[in-house]
Amino acid sequence: METASVSLMWFRKGLRIHDNPALEYASKGSKFLYPIFVIDPHYMEPDPRASSPGSIRAGLNRIRFLLESLVDLDLSLKKLGSRLLVLKGEPSEVLIQRLKEWDIKKLCFEFDAEPYYQALDIKVKNYASAAGIEVFSAVSHTLFNPSDIIQKNGGKPPLSYQSFLKLAGEPTWASSTLSIASSLLPPVGDVRINEFSEVPTIKELGYGDYEQEESTPFKGGESEALKRLRESINNKEWVANFEKPKGDPSAYIKPATTVLSPYLKFGCLSSRYFYQCIQDVYKNVKKHTSPPVSLVEQLLWRDFYYTVAFGTPYFDQMKGNRICKQIPWNDDEELLATWREARTGFPWIDAIMVQLRKWGWVHHLARHCVACFLTRGDLFVHWEKGRDIFQRLLIDSDWAVNNGNWLWLSCSSFFYQYNRIYSPTSFGKKYDPNGNYIRNFLPVLKDMPKEYIYEPWTAPLSIQTQAKCIIGRDYPKPVVCHGSASKECKRRLAEAYALNRQMNGQVSEEDLRNLRRKLEDDKDQESKSRRQRQKTD
DNA sequence: TTCTCGTTGTAAAG
DNA sequence: CTTTACAACGAGAA
């Protein structure tokens, strides 16, 4: 467009220079280019009532990661003769105001499939089209456009990974050259405002009190992302032989996976560039692992969840969610709190929850263990509760992927073999028989002999005394007996599944209430008859 | 309608 | 170290 000489690049995710079609389009033929990021106070401001340091929605680790990513983006833009303008306020209001004030002719941003951004984009697009502003929104966060896949499948998202792969095929850009190297950007025009500033610090946002606290070892930003990518890719052998289920969840000094997920979440790393880098390695080695456990397949899983999430109303809740089994989860706040605060009494579970809180990242198998334990494995707490805590604490928490995984792990969708339960004691033992991971994240157990470290409540009192850790005083007793709790969970799931089948997926709230009552009655009956048996024995 | 198969279970047995 | 019983689900294909 000839008249589009003043452009605005709206950064949300996609915090990178490389493979950024929206940025590229924004700078093409523009006299001035305004690159902006809008800080939504709702996302960033401290919330004193939150269950961990951070805002109402995000833990401090992720806020810090985002700020680091913004600082890095600003530096990169400066090298290209531009800079990042950081604004504050409700994003659509702030944006529309700037479109007017700067007389923008071309608005560019990366397409985002999340409901939050979909709603936001409608507001902004409505204004833009009324004002005659050209809007360019590029699909570059994921490998595929979720709409394309859903369309190919007759309007419904595929519900199994295999059918997703068939529909997806090779990405259209697989063998084309992505724009990685960057050229100089048009200058920022006259900004004429003073309410924006440099990227704020954690302290400026009001988190001064937490500066000394242990925080995530992973630093945000595109530079860091590309450095990490190089490190992973340079080890061709490792890339070629990667098998996700064989990774060690207890490895924390050198994690078993790439830890590129937080960079993908914020778009510091382009998933498409990552994909091409892995393919390059595959071309140069004799053989490599194949689906669905290979490294490149991990990226496709992310797209799978994005696709289903985009095509499923109420994807992030049980009620009204077409693909989610209706299950009478309990609402036990105390059980939830023991899990959240790492005091379930199962060291493997608690250590993972400590790492999650401190680092904002844990290995995916560790996520499986604690998610299973909270929901269908032991505590039978609603998956939405666990999802909320993950969403808050993870630096890589991604709406589609996080919700998808909780649906999976709780046997609410995608995966239904509820008999397969991760043992909170023996699963970790397989990888880390000495319990080094537990000793590191739960120092109170650091002197517990390895024979007892996964089940410290079974240690004789003399051993507990020697280890300076009395169970029930220094470290909690287990909150449930895994054997009986998991058995009870299986029974409830069997009943809930039967109800869902019987009602053909149309389970009402009353049906669920009735089932909950029935399960309680059965439980009372069971314990009564057990007492009876004990009496007669 | 029936069949196959599913990214990542456990414990016991061979 | 590998195989098997456990108990059994749903999506998608045939």
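Convention: sequence-line order gives letters A, B, ...; per-chain numbering from 1.
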(request) Choose from dA8(C), dT10(B), dG10(C) the nucleotide whose nearest atom is closest to any side-chain atom of Lys325(A). (result) dG10(C)
(request) May I have the distance from Arg376(A) (atom CZ) to dT10(B) (atom P), rounded to whole angstrom? (result) 10 Å
(request) State which of dT8(B), dG9(B), dA8(C) makes the closest approach to the side chain of His368(A). (result) dT8(B)
(request) Report the distance from atom CZ of Phe242(A) to atom P of dT7(B), rounded to the nearest whole Å. (result) 16 Å
(request) Evaluate side-chain hydrogen bond (donor to acceptor under 3.5 Å, both in side chains) for Asn330(A) paired with His382(A), printing each intermediate quantity in order. (result) CA-CA 6 Å; Asn330(A) 70 44; His382(A) 205 306; over 6 Å; no
(message) For the OG1 atom of Thr307(A) and the CZ atom of Arg302(A), what is their distance to the nearest 0.5 Å?
(response) 10.5 Å
(request) For a side chain to side chain contact (heavy atoms under 4.5 Å, CB included) with Phe380(A), tell me which candidate from Thr375(A), Leu335(A), Asp332(A), Ile327(A) qualifies. (result) Ile327(A)
(request) Would you please classify the geometry between the Tyr431(A) ring and the Phe427(A) ring as parallel, tilted or perpendicular, with 30° and 60° separating the classes? (result) tilted
(request) Name the closest nucleotide to the Leu365(A) side chain, picking from dT8(B), dG12(C), dG9(B). (result) dT8(B)
(message) Can you measure Gln162(A) atom CD to dT4(B) atom C1' for me and round it to whole angstrom units?
(response) 12 Å
(message) Looking only at the side chain of Tyr418(A) (C-beta and beyond, no hydrogens), which of the listed nucleotides dA11(B), dT8(B), dA8(C) gets closest?
(response) dA8(C)
(message) Between P on dA8(C) and CD1 on Ile421(A), what's the gap in Å once rounded to a whole number?
(response) 13 Å
(request) Provide the distance between the two P atoms, one in dT7(B) and one in dT4(C), to the nearest whole Å. (result) 22 Å
(message) I'd like to know whether CD of Gln279(A) has more than 12 heavy-atom contacts from other residues, nucleotides or ligands below 6.0 angstrom.
(response) yes
(request) Could you check how far CG of Leu409(A) sits from C1' of dG6(B), rounded to whole Å? (result) 15 Å
(message) Nearest to the Pro158(A) side chain among dT7(B), dG12(C), dG9(B), which nucleotide is it?
(response) dG12(C)
(request) Select one nucleotide: of dG10(C), dT8(B), dT10(B), the one nearest the side-chain heavy atoms of Lys430(A). (result) dT10(B)
(request) Among dA8(C), dG12(C), dT7(B), find the nucleotide with the atom closest to the side chain of Asn419(A). (result) dA8(C)
(request) Name the closest nucleotide to the Lys166(A) side chain, picking from dA13(C), dA11(C), dT7(B). (result) dA13(C)
(request) Output the single nucleotide from dG10(C), dT7(B), dA11(C) whose closest atom is nearest the side chain of Ser160(A). (result) dA11(C)
(request) Report the distance from atom NZ of Lys487(A) to atom C1' of dA11(B), rounded to the nearest whole Å. (result) 15 Å
(message) Would you call the rings of Phe304(A) and Tyr161(A) parallel, tilted or perpendicular, taking 30° and 60° as the class edges?
(response) perpendicular
(request) With the side chain of Gln417(A) defined as its heavy atoms from C-beta on, choose the nearest nucleotide among dG9(B), dG6(B), dG12(C). (result) dG6(B)
(message) Base, sugar-phosphate or nothing for Phe427(A)? Non-hydrogen atoms, less than 4.0 Å.
(response) sugar-phosphate
(message) It should be established whether Ser426(A) places a side-chain nitrogen or oxygen under 4.0 Å from OP1 or OP2 of nucleotide dA11(B).
(response) yes
(message) For the residue pair Lys358(A) and Phe441(A), would you count it as a cation-pi contact if the rule is NZ or CZ under 6.0 angstrom from the ring centre and within 45 degrees of the ring axis?
(response) no
(request) Sort out for me which residue in Trp339(A), Trp348(A), Phe346(A) forms a ring pair (Phe, Tyr, Trp, His ring centres under 6.0 Å) with Phe373(A). (result) Phe346(A)
(request) Determine the interatomic distance between P on dG6(B) and the same-named atom on dA7(C); round to the nearest Å. (result) 23 Å
(message) Whole angstroms only, please: what is the CH2-P distance between Trp408(A) and dG6(B)?
(response) 11 Å
(request) For DNA chain C, determine which residues of residues 491-502 of chain A have any heavy atom closer than 4.0 angstrom to one of its atoms, and list them numerically. (result) Tyr497(A), Arg501(A)
(request) Answer yes or no: is there an ion pair linking Lys13(A) with Asp112(A), defined by an N-O contact shorter than 4.0 Å? (result) yes
(request) Anything under 30° is parallel, anything over 60° is perpendicular, the rest tilted; go ahead and classify Phe415(A) against Trp408(A). (result) parallel
(request) Verify the distance criterion only: is there a donor paired with an acceptor across the side chains of Tyr263(A) and Glu222(A) at less than 3.5 Å? (result) no
(request) Calculate the interatomic distance between Leu167(A) atom CG and dA11(C) atom P; express it in whole Å. (result) 16 Å
(message) In this structure, which stretches of DNA chain B are paired as stems of three or more consecutive Watson-Crick or G-U pairs, both distances less than 3.5 Å?
(response) B:1-6 with C:9-14, B:9-14 with C:1-6
